[in-house]
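Here is the naming used below: chain letters follow the sequence lines, and residue numbers restart at 1 for every chain.
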2 protein chains.
Amino acid sequence: MESTAYTKRLLTYRLSLSHLKEVGLTDVFSYLIAGETGISAALVRKDLAQLKVKGKRRGGYEIDVILDAINNYFGDNTINRVVLAGMGNIGRAIVNYKNFENRRIKIVAAFDLDPAKQRKKYDVPVYPMEKCPDIVDKYRVNVAVIAVPAFSAQTVCDRLIQCGIRGIMNFAPVNLKVPDHVYISNVRLCDELQQVIYHSTKTNQ
Amino acid sequence: MESTAYTKRLLTYRLSLSHLKEVGLTDVFSYLIAGETGISAALVRKDLAQLKVKGKRRGGYEIDVILDAINNYFGDNTINRVVLAGMGNIGRAIVNYKNFENRRIKIVAAFDLDPAKQRKKYDVPVYPMEKCPDIVDKYRVNVAVIAVPAFSAQTVCDRLIQCGIRGIMNFAPVNLKVPDHVYISNVRLCDELQQVIYHSTKTNQ
DNA sequence: GGTATATTGTGACAATTTTCACAATTTAAA
DNA sequence: TTTAAATTGTGAAAATTGTCACAATATACC
């Protein structure tokens with residue numbers, strides 16, 4: 001119960017449902033969500049059942065009910081504060097990324113070794129890594145984004161965890177070693193693109 | 001056979017093995033890879049067996065043999081050309097991302113509506129979207145990265161496919177609709193981070 | 001009101017994926 | 001040379017995940 005795949009599907013549903021809502025719909029059928037997301041209608045229904053969302057036979061599901069259930073599942077009622085390590089290409093893109101706001105995700109501070117970047121004005125204050133304990137403590141942060149170069153990723157990771165971080169989104173191409181209580185999600189841009197390349201050459205015709 | 005999960009694990013192995021090689025190792029045991037990647041030793045062995053890599057009982061596997069097999073599996077002998085749509089935050093980060101080179105992935109051109117961005121000098125030439133057919137044709141490109149805003153993603157996607165693109169890495173928070181012969185990988189930064197937040201609050205104590 | 005139709009909800013089943021356990025085999029050491 | 005130890009390779013079992021099919025039921029229409 002409650003596998004990562006399930007959690008991921010919920011987020012996929014939310015995306016499509018938000019879209020359908022904007023377009024003016026208020027109710028949906030499982031097969032409509034299926035068509036929109038590529039997930040089978042039966043699985044959609046099972047997921048919604050697990051979420052405790054009830055549909056009406058022949059009437060479908062109310063979009064708002066599903067959305068509320070999903071948002072509630074993810075605890076979207078509180079603001080989620082995040083710190084970021086590494087203001088390189090990816091770090092800056094993340095800091096400027098607008099969509100986080102809708103999800104009540106807020107990047108409260110960034111860390112970077114480079115003093116020039118600390119002085120420069122970004123949308124988020126940039127501190128030296130030494131400030132990490134203070135910041136994490138002050139803002140009650142649990143989650144960090146690692147966007148530093150591969151060679152320093154493990155060190156940065158260790159320091160973050162020492163400061164109390166328990167969830168990490170990692171962009172560095174490294175298999176980070178973390179204690180059991182820390183959840184880690186690796187975003188491997190290279191690997192992702194490589195898989196696309198691989199599968200696109202495999203597709204028939 | 002040959003599930004996406006398997007393909008993904010191969011890339012994970014490659015990452016760890018490259019690292020172990022740099023550190024000076026030439027041979028590994030399955031349990032060593034397991035410790036490095038978090039994938040169970042038995043599964044590592046099964047994957048290597050499927051890859052047709054042979055180990056020596058009591059002697060382990062040769063790192064170079066595994067790496068060659070993986071690189072060969074992904075067809076790393078040819079240069080993989082990719083185009084990018086959307087020179088916003090993420091698009092620029094992708095264009096500047098250095099790691100693609102090691103994988104023989106080359107971003108040959110980018111597209112953006114904004115004429116200012118077309119004039120500006122990036123590491124990659126920026127064209128208006130109309131040039132898409134020419135460029136894709138000229139460079140024999142199969143794969144594209146979509147980094148445009150959500151509202152225009154489907155339109156851009158359709159045009160790319162019309163030009164012959166058959167693999168897409170999509171950063172726009174949209175469930176794109178594509179024909180069967182097109183492979184799509186969605187990189188949902190928001191969702192990814194949201195999952196980290198979710199799991200990090202769930203972890204015990 | 002009655003009947004046909006559409007859709008949910010779910011138990012049984014199928015498929016896939018992973019783990020387990022151990023025989024086979026190699027190497028090292030005694 | 002024999003024995004002990006370590007590690008692969010793999011068939012069988014377990015677990016997980018998703019699909020199928022259909023009863024239950026609500027709705028719409030005649």
Residues [X] and [Y]: side-chain donor-acceptor under 3.5 angstrom:
X      : Y      : answer
A:S200 : B:N142 : no
B:Y13  : B:D47  : yes
A:Y198 : B:Y73  : yes
B:R103 : B:N80  : no
A:S16  : B:N175 : yes
B:R14  : A:Q194 : yes
A:Q154 : A:D158 : yes
A:S185 : B:E192 : yes

[X] [atom1] to [N] [atom2]: how many Å, rounded?
X     : N      : atom1 : atom2 : result
A:K52 : C:dT10 : NZ    : C1'   : 14 Å
B:L51 : D:dT8  : CG    : P     : 15 Å
B:L43 : D:dA14 : CG    : P     : 19 Å
B:K46 : D:dT8  : NZ    : C1'   : 13 Å
B:Q50 : C:dT16 : CD    : C1'   : 12 Å
A:R45 : D:dT19 : CZ    : P     : 11 Å

Expected output is a numbered-order residue list: members of residues 23-33 of chain A with a heavy atom under 4.0 Å from any atom of DNA chain D. What is it? none

Interface with DNA chain D, restricted to residues 55-70 of chain B and to heavy atoms under 4.0 Å: B:G55, B:K56, B:R57, B:R58, B:G60, B:Y61

The nucleotide from C:dT8, D:dG9, C:dG11 with an atom nearest the side chain of B:K54 is D:dG9

Minimum heavy-atom distance between B:I168 and B:C157, given as atom pair plus value: CD1-SG, 3.8 Å

B:S40 side chain near C:dT18 phosphate (N/O to OP1/OP2, under 4.0 Å): no

